[in-house]
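Just so you know, ligand 1 is whichever comes first in the structure, and atom 1 is the first atom listed for that ligand. Note that these values count all heavy atoms, side chains included, but never hydrogens, waters or copies made by symmetry.
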Amino acid sequence: MAYENLLVDVSERIATITFNRPKSLNALNPATVRELGAALEEVSSRTDVGAVLLTGAGEKAFIAGADITVMKDFSTLEALDFALLGQRVLAYIEQMPQPVIGAINGFALGGGCEVAMACDLLIAADTARFGQPEVNLGIIPGYGGTQRLPRLVGRNLAKELVLTGEMITAQRAYEIGLVNKVVPAADLMTVARETAKKILSRGPVAVRTAKMAMNRGLDLDLGNACALEASLFAAGFSTADRAEGIAAFIEKRKANFTGK
Ligand code: CAA
């Protein structure tokens, strides 16, 4: 499928989705968010895709937030629809079977920081900047920023970011646990692909169900979350991957997983 605002490339079982509106620093207009939803659905249903990378075109921005020029004329209902559209697509990132790695190549602000937070892992270029600057515009985050940020970095650090609207460096984002790794900008895509490949070499069904256990479990109380984990742990014992993974360990050889 062809997209107007995204580039989609699949190679070595890794789908790379690139936000491609560099003139507006890859700002998210409704069409781009809808295309992201469609692209994620497309790649998630492909059996030749085991991992997804999200990144931004150009050297400056991952995504500089929702498109402010579009929001300028929003009615209350249009704003509600825009928030719910983004929230649906970000929830899809969390629920799709493949791991999604954010390769954050520059500004990840507002909706951009919110897209990043929905990913499973974040690798940031040392030039990246993170923030929820919505209060500078007299609005609040709408793609889950007030909810995912406190869950990721804790309530007080999240409040500092959301209430001051100030940006932080990639290094600071690493220190507060918002990103997994900071690398030189020139190495970003290589490191992101290496991370994806490492995950791809593991048991595919296990990777998929571990993602589900963590993302679904975080919305539950600990008792129910652990019950979910036990069910998924037990279900894993019916897979060919389990038989192969354990046999390979005992036979001291590399596992040849089939994802079945
Ligand atoms: N929407 C629309 N256009 C944007 C944009 C955005 N979010 N961010 C940047 N652009 C445009 C600029 O208007 C500019 O366009 P022109 O060349 O036509 O003037 C172009 O991208 C380059 O930007 P700057 O000249 O501003 O670049 P800079 O290096 O001086 O500053 C920046 C970079 C700090 C990221 C600055 O552009 C900025 O502050 N952008 C807005 C960030 C923001 O407030 N994001 C939150 C949006 S609200 C939101 O996301 C709500 C939500 O939760 C869903």
Sub-4.0 Å atoms of ligand 1 with respect to non-hydrogen atoms of [X]:
X: P141; value: 53 (O)
X: F107; value: 33 (C), 35 (C)
X: L137; value: 44 (O), 47 (C), 48 (S)
X: G111; value: 49 (C), 50 (O), 52 (C), 53 (O)

Nearest non-hydrogen protein atom, [atom]:
atom: atom 3 (N) of ligand 1; result: S24 CB, 3.9 Å
atom: atom 27 (O) of ligand 1; result: K60 NZ, 3.3 Å
atom: atom 8 (N) of ligand 1; result: A64 CB, 3.6 Å
atom: atom 51 (C) of ligand 1; result: E134 OE2, 3.4 Å
atom: atom 44 (O) of ligand 1; result: P133 CG, 3.6 Å
atom: atom 9 (C) of ligand 1; result: L25 CD1, 3.8 Å

For [atom], the option (of [options]) bearing the nearest heavy atom:
atom: atom 20 (C) of ligand 1; options: R21, K23, Q87; value: K23
atom: atom 35 (C) of ligand 1; options: L109, D67, L28; value: L109
atom: atom 1 (N) of ligand 1; options: V33, I68, I63; value: I68

For [atom], is the nearest protein heavy atom under 4.0 Å away?
atom: atom 13 (O) of ligand 1; answer: no
atom: atom 41 (C) of ligand 1; answer: yes
atom: atom 38 (C) of ligand 1; answer: no
atom: atom 29 (O) of ligand 1; answer: yes
atom: atom 25 (O) of ligand 1; answer: no

Checklist entry - Does the N or O separation between M167 and ligand 1 drop below 3.5 Å for any pair? => result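 Min N/O separation from ligand 1 is not below 3.5 Å for M167.
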
Next on the checklist: Are any of the N/O atoms on E114, whether in the backbone or the side chain, positioned under 3.5 angstrom from an N/O atom of ligand 1?
Outcome noted: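 Yes, E114 has an N/O under 3.5 Å of an N/O on ligand 1.
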
Checklist entry - Which heavy atom of E42 sits nearest a heavy atom of S45, and at what distance? => result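 Reported closest heavy-atom pair: O-OG, 3.0 Å.
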
Checklist entry - M71: heavy atom below 4.0 Å from ligand 1, yes or no? => result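 Judged by the 4.0 Å heavy-atom criterion, M71 does count as contacting ligand 1.
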
Checklist entry - Is G142 in contact with ligand 1, taking contact as a heavy-atom separation below 4.0 Å? => result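 G142 counts as a contact of ligand 1 under the 4.0 Å cut-off.
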
Would you call [X] and [Y] a salt bridge, using N to O less than 4.0 angstrom?
X: E244; Y: R253; result: yes
X: E194; Y: K197; result: no
X: E166; Y: R172; result: no

Next on the checklist: Rounded at 0.5 Å granularity, tell me how far CD1 in I168 sits from CD in E160.
Outcome noted: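 Rounded to the nearest 0.5 Å, the CD1-CD separation comes to 8.5 Å.
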
State, with a plain yes or no, whether a side-chain heavy atom of [X] is found less than 4.5 Å away from one of [Y].
X: P97; Y: K211; result: no
X: L28; Y: F19; result: yes
X: E78; Y: D81; result: no
X: V183; Y: T190; result: no
X: V207; Y: P99; result: yes
X: T32; Y: L6; result: yes
X: M214; Y: D120; result: no
X: S11; Y: R193; result: yes

